[in-house]
Every structure is written in structure tokens, then in C-alpha cells.
Amino acid sequence: MLLSLDSVSKTYTDALSTVHAVNDVSLQITEGEFVAVQGASGCGKSTLLLTAGGLLRPDSGQVQVDGQDPYALTNDARAEFRARTIGFVFQQFHLVPYLNVLENVLAPAIAVAGSETETRDRALQLIERFGLSDRQQHVPAKLSSGERQRTAMARALLNKPKLILADEPTGNLDHQNADTVLGYLADFAADGGAVLLVTHDDRAVACAKSVIHLQNGRIAEPVANAV
Ligand code: ADP
Ligand code: MG
């Protein structure tokens, strides 16, 4: 099992309001599975993904990634575990503004040991795969949002993660680039990886083997995809 959420809940509370963003969500994803979570804006998709990715501790419930509870680790150990195991594609990309495309894609290598030449070759391959070869030296401010999104995708894949958590990864892409990204995710799952993609894009949902509908932080009936 690569990802297991057991009764995970996360509530945001401040002086003015309480939002039950994720409410008692359980799901499991094994090797080779491509699961989409679909739901309206504000239904808790990003919160769910952050809790699954070891980036936001749930208030209650259990998260296991590749057999490990990331929240049981120290901050340093968790960062290293995440870098080795999880490829996270943020909805807002979170690229480093003063690093160019190649440097951004290479950034996760800092957290893990590996051959510098091999890592660089892999970064260049990913950059090519996502159609960014002629943008390598550009900093994020000089990229279109679609190019930023593809850079974030390449970065997430650098360390050969076992699990990809992707937050609306086609949100800023035209059809052709969306197909490239979705094709990559499908290949990744076909090669034994696991993918959890959250989206409100029907085209992205169509690529997944199963779809989970999220409503107000809760899972509605799971349904098999028609394709
Ligand atoms: P989605 O990704 O499906 O659009 P989010 O997980 O971003 O949904 O948000 C779920 C709900 O939680 C929304 O109502 C949102 O306003 C609220 N929310 C998200 N992040 C925060 C936060 N940091 N503080 C307070 N409320 C938040
Ligand atoms: Mg979101």
C-alpha cells in the first residue's frame, strides 16, 4: 500500500470561523493505481492532498505513506522521507523565484544522496519531456503559468518518487500540454507508481482508473470510471 488515509479530518479555525475542510476521509492507493479526487472549488481537495503528503498534520486520523506515518517522524526525517517517496505538485507551484527552470527541477536532489551527473541528466530529460528545453535558463517570473506548472511537474518527478500527489496539475494547461502531463501520470502508474490527482477537470478525471467525489470535505460514493 503506498497511501492509506484512515478517518482523516482537518479543520481550520480562526477567530471568525471554523471550516471542516476534510471530514473523516479514508482511502487507499496501491502500486499501479491512478486515482482522481474530483470536487468543486473549496471542497477540501488541496487540504486532503497536503495531509496525505506529510505537509499538513491532520487533527485526527492516520496517514501512512509507503508504510510510514510521516507525522511520526522528526521534521528533518519527514523532509527527507517526503523527498525520496513523494512527488508533490502544488496547486500554486511553489517554485523558487530566484532559481531558473533547471535549478528548480534539480532542487529536490539536495535532500537525497545520488550521482550528480545522473541527476542532471534526469533533470534534462524531464525538462525535455515537458517541452521546456528552450526555457531552462528562465526564472519562474519569465515563464507562462503553463510553463511553471510543467516545471513543477518535472521537479516532482526528479527523485523517482513512489507516489505522486498532484493538485490540479492541468489547471493552467492547454489541451496538448495537459495530455503530456496526464500521459506522464498514466505511464507512471503503469510502471508501478501510485498517483492521487485532485482536480475539477473532467479530462483529467477521464485518465484515472477510479474517481472519488469529494463534497464539503467528505467522500461521496466511490464510482468506477466509465472508460
Ligand atoms: P479546494 O482545494 O477543493 O479548493 P481547499 O482544501 O483549498 O479546497 O479548501 C477547503 C476549505 O478550507 C475552503 O473553504 C477554504 O476556504 C478553507 N481553507 C483552506 N485553507 C485554509 C487556511 N489555511 N485557513 C483557513 N481556511 C482555509
Ligand atoms: Mg485546491
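In each ligand, atom 1 is the first atom listed, and ligand 1 is the first ligand listed. Just so you know, these numbers come straight off a predicted model, no measurement behind them.
Ring pair Phe88/Phe90 is tilted by interplanar angle, where 30° to 60° counts as tilted.
A distance limit of 4.0 angstrom between heavy atoms and ligand 1 selects the residues Tyr12, Val19, Ala21, Ala40, Ser41, Gly42, Cys43, Gly44, Lys45, Ser46, Thr47.
Every residue was checked against the side chain to side chain donor-acceptor pair (under 3.5 Å) condition with Asn216, not counting sequence neighbours, and none meets it. With sequence neighbours left out, Ser144 forms a side chain to side chain contact (heavy atoms under 4.5 Å, CB included) with Glu147.
Note: Gln137 CD to Lys142 NZ = 11.5 Å, rounded to the nearest 0.5 Å.
A salt bridge does not link Lys10 to Asp24: none of the charged nitrogens lies less than 4.0 Å from a carboxylate oxygen. A salt bridge does not link Glu118 to Arg122: none of the charged nitrogens lies less than 4.0 Å from a carboxylate oxygen.
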Salt bridge (Lys or Arg N to Asp or Glu O under 4.0 Å) assessment of Arg120 paired with Glu116: CA-CA 6 Å; Arg120 199 183 157 84; Glu116 217 170 286; over 6 Å; no

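Sorted by chain and number, the protein atoms of type N, O or S within less than 2.8 Å of the Mg ion (ligand 2) are Ser46 OG, Gln91 OE1.
Partner of Arg78 under the side-chain hydrogen bond (donor to acceptor under 3.5 Å, both in side chains) criterion, out of Asp76, Thr74, Asn75: Asn75 alone. The residue from Asn100, Leu132, Ile127 that alone fulfils the side-chain contact (heavy atoms from CB on, under 4.5 Å) condition with Thr151 is Leu132.
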